[in-house]
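What follows is a short report on a single structure.
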Number of protein chains: 2
Amino acid sequence: MQHIPAGEPQILIDLSTAIIGTDAGIFQCRLVEDATDTQPGRLPFGPFVPDQHRTMEIGLRQWVGEQVGVALGHVEQLYTFADRGRQNTTPGAPHVVSVGYLALTNQTGRQTRAWRDIYSFFPWEDWREGEPSMLADIIYPALDSWLAQHSERRESARLAFGRDGLAWGEEYVLERYELLYEAGLVAEAFADGRENAAPTPAVPGEPLQLDHRRILATAVGRLRAKLKYRPVIFDLMPLTFTLTQLQHTAETVLGVGLHKQNFRRLVEKSGFVEATGKMSKSRGRPAELFRFRHQERSERPLAGLRVSPGRLRPSDPSP
Amino acid sequence: MQHIPAGEPQILIDLSTAIIGTDAGIFQCRLVEDATDTQPGRLPFGPFVPDQHRTMEIGLRQWVGEQVGVALGHVEQLYTFADRGRQNTTPGAPHVVSVGYLALTNQTGRQTRAWRDIYSFFPWEDWREGEPSMLADIIYPALDSWLAQHSERRESARLAFGRDGLAWGEEYVLERYELLYEAGLVAEAFADGRENAAPTPAVPGEPLQLDHRRILATAVGRLRAKLKYRPVIFDLMPLTFTLTQLQHTAETVLGVGLHKQNFRRLVEKSGFVEATGKMSKSRGRPAELFRFRHQERSERPLAGLRVSPGRLRPSDPSP
DNA sequence: CCATTTATGCTCAAATTGAGTATAATATCA
DNA sequence: TGATATTATACTCAATTTGAGCATAAATGG
């Protein structure tokens, strides 16, 4: 019953991992440091070799270990991308299918060529200081003129960007990036040879190699959505932390400001944290240090951290 | 920077689709009708052929069209499985990676060899008449004796099955099936040559070919989870329906009974449905017929149908 | 000591949820 | 025909959750 195709070009599976962490209000992703100045950055990645890798996760851990050497906490498969024209398309080369993974870590380094601010790739996603002006100034005009020719994508654009009355859904990161790509407004669209794309991208935001910005967008979208129903945020925290630090991490990931007192009430009631009795020393009144209660992960697995931004507010500056 | 492996066995990607529908309280999945009496059933599937299929979804639509000819509504990628030993392992054969898809349809047929009751594959998942007795009678004893040797899996089992005080999470369908597989309690474990598996499976439930029961479990888990935050349930409904029919569909998918008045309140308030003015004719008082408001899909995309079972109750019998 | 900064406690109204009770409109059958 | 079963729908009520804001506490730096 199997239809084995004869003489087809070989399929190669690439395992690419978006390693995400936060550091003092910066939303970071780990890139490989081999990029030259003229070439965009890239995620750690490498091929899935069934003979060496019993599972894909074993494979990705090998490439991550060799290329960036970061200790991974939570790891999860995101999506398998296989559409033609979004990877290397050298004639005769094997068809590349890329499987994207998300990995979380609490071991980030300060801003370097290695650890990069995620919002430099998606500047329109950071609403902590309110709606980014580039949306109204650059993105919406450019998108609208493309939509004029592609009315079938109108509804998707409305939903993704929360236009005319709809709310901005912070988890639609991939949907937004894909629309900009389709509309030829990001650098990758030109690199992939799409005809409607200009050599100089219309929309600000740093590109990445291959389809890595797409994978990163998938990772951010998944993480933002998951934060609300699973306690994944603690994988981004150090062993002990103040509730303000926890809130800043949540705000950094979600890209919105949150109501302080309500966030505190939510976290305390959730049972996911317990006080250590120690205090942090910073500028104002010292804050109590908390730790994550690992047992709770199983006792209330569905509760998660249902943070709700409510009406947007600017978040306090990080210490 | 690419590590191209030389002379490795070829990789073959299989696209398998779980097509799900409901019919009068039966939770159905479409199988291919070529199964003999001695062989387990299978999902429609076939290889991804990059030269013919611009995207994987195009590929799967081809195989579904050829093998079962069902019109698909919502289609979504589930997961890519690549671990060794869960597919055909003939020596020298290409390594098979399988990409699972979920498809919803409102065109089911009555119980035949083609349309099969999903709960016959996962009888422990149907709690509409209360907790299935097979859990306490068969599954828990068998699982516990395996856990005695594998204490590292204790926590996962507690979470997946909601043991000692934890709640049964209806979306952990895959996690439960995988534990039963690992413990050697389902037929596929023996078929895959796992040493701890007995030729006669310890736990009731029909097997499927290859890893298709795993893919179906993923599909059911994803669908149950998604029901709560996206209006996917309407892809399972006919053009017009009564609120009771809608509730029965939700109960069928979730495998639990719901509070009738509260379900009605939830649905009406959601704005996803509108009355048609027509009435259904059945046994008791006629019910108003509703239709899905497609525009609402974009106006309140996040609301979905947050059905909450509350305390378990037996669901009313379907008409 | 006073202004500033940060943390934490508390209140309050609105909205949502969980669980019922009550009533309405049909079919069925004695 | 009229009682009875069956199904649908309306309405109530308390408990909980959410969104927003006010007030107070504990540090630091002049």
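Because the structure is predicted, anything quoted here is derived from the model rather than measured. In what follows, chains are A, B, ... by sequence order, proteins preceding strands, each numbered from 1.
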Quiz item: Choosing from C/dA25, C/dG9, D/dT9, which nucleotide comes nearest the side chain of A/E268?
Solution: C/dG9

Quiz item: Do the side chains of A/F263 and A/E251 get nearer than 4.5 Å, heavy atoms only?
Solution: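 They are not in side-chain contact.
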
Quiz item: Looking only at N and O atoms, is any donor in the side chain of A/R285 or the base of D/dA26 less than 3.5 Å from an acceptor on the other one?
Solution: no

Quiz item: Does B/Q261 get its side chain close enough to the base of C/dT21, under 3.5 Å, for a donor-acceptor pair?
Solution: yes

Please state how far atom [atom1] in [X] lies from atom [atom2] in [N], giving the value in whole angstrom units.
X	N	atom1	atom2	result
B/K281	C/dT26	NZ	P	14 Å
A/N262	C/dA13	CG	P	16 Å
B/F263	D/dA8	CZ	P	12 Å
B/K269	C/dA15	NZ	C1'	8 Å
A/L266	D/dT18	CG	C1'	10 Å
B/H259	D/dT9	NE2	P	15 Å
B/L246	D/dA8	CG	C1'	15 Å
A/F241	C/dT6	CZ	P	20 Å

Does the side chain of [X] get closer than 4.0 angstrom to OP1 or OP2 of [N] through an N or O atom?
X	N	result
A/K260	C/dT8	no
A/S282	C/dT6	no
A/R283	C/dT6	yes

Exercise. Output, in order, the C-alpha distance, side-chain angles, deciding distance and verdict of salt bridge (Lys or Arg N to Asp or Glu O under 4.0 Å) for B/E125 and B/R224.
Key: CA-CA 11 Å; B/E125 294 291 345; B/R224 283 181 170 182; 3.0 Å; yes

Quiz item: If each of A/G284 and A/E288 is mapped to the nucleotide of DNA chain C with the nearest heavy atom, which maps nearer the 5' terminus, i.e. the 5' end?
Solution: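 Result of the comparison: A/G284.
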
Exercise. Could you check A/T242 against A/E288 for side chain to side chain contact (heavy atoms under 4.5 Å, CB included), going step by step and ending with a plain yes or no?
Key: CA-CA 6 Å; A/T242 67; A/E288 179 134 40; over 6 Å; no

Quiz item: Looking only at heavy atoms, what is the nearest atom pair of A/E171 and A/R176, with distance?
Solution: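 Reported closest heavy-atom pair: N-NH2, 4.4 Å.
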
Quiz item: Considering heavy-atom distances to DNA chain D, does A/R265 or B/R264 have its closest nucleotide positioned more toward the 5' end?
Solution: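 Between the two, 5'-proximity favours B/R264.
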
Self-check item: Row check, A/Y140 ring normal vs A/R163 NZ/CZ: under 6.0 Å, within 45°
Solution: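 Pair A/R163/A/Y140 counts as cation-pi.
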
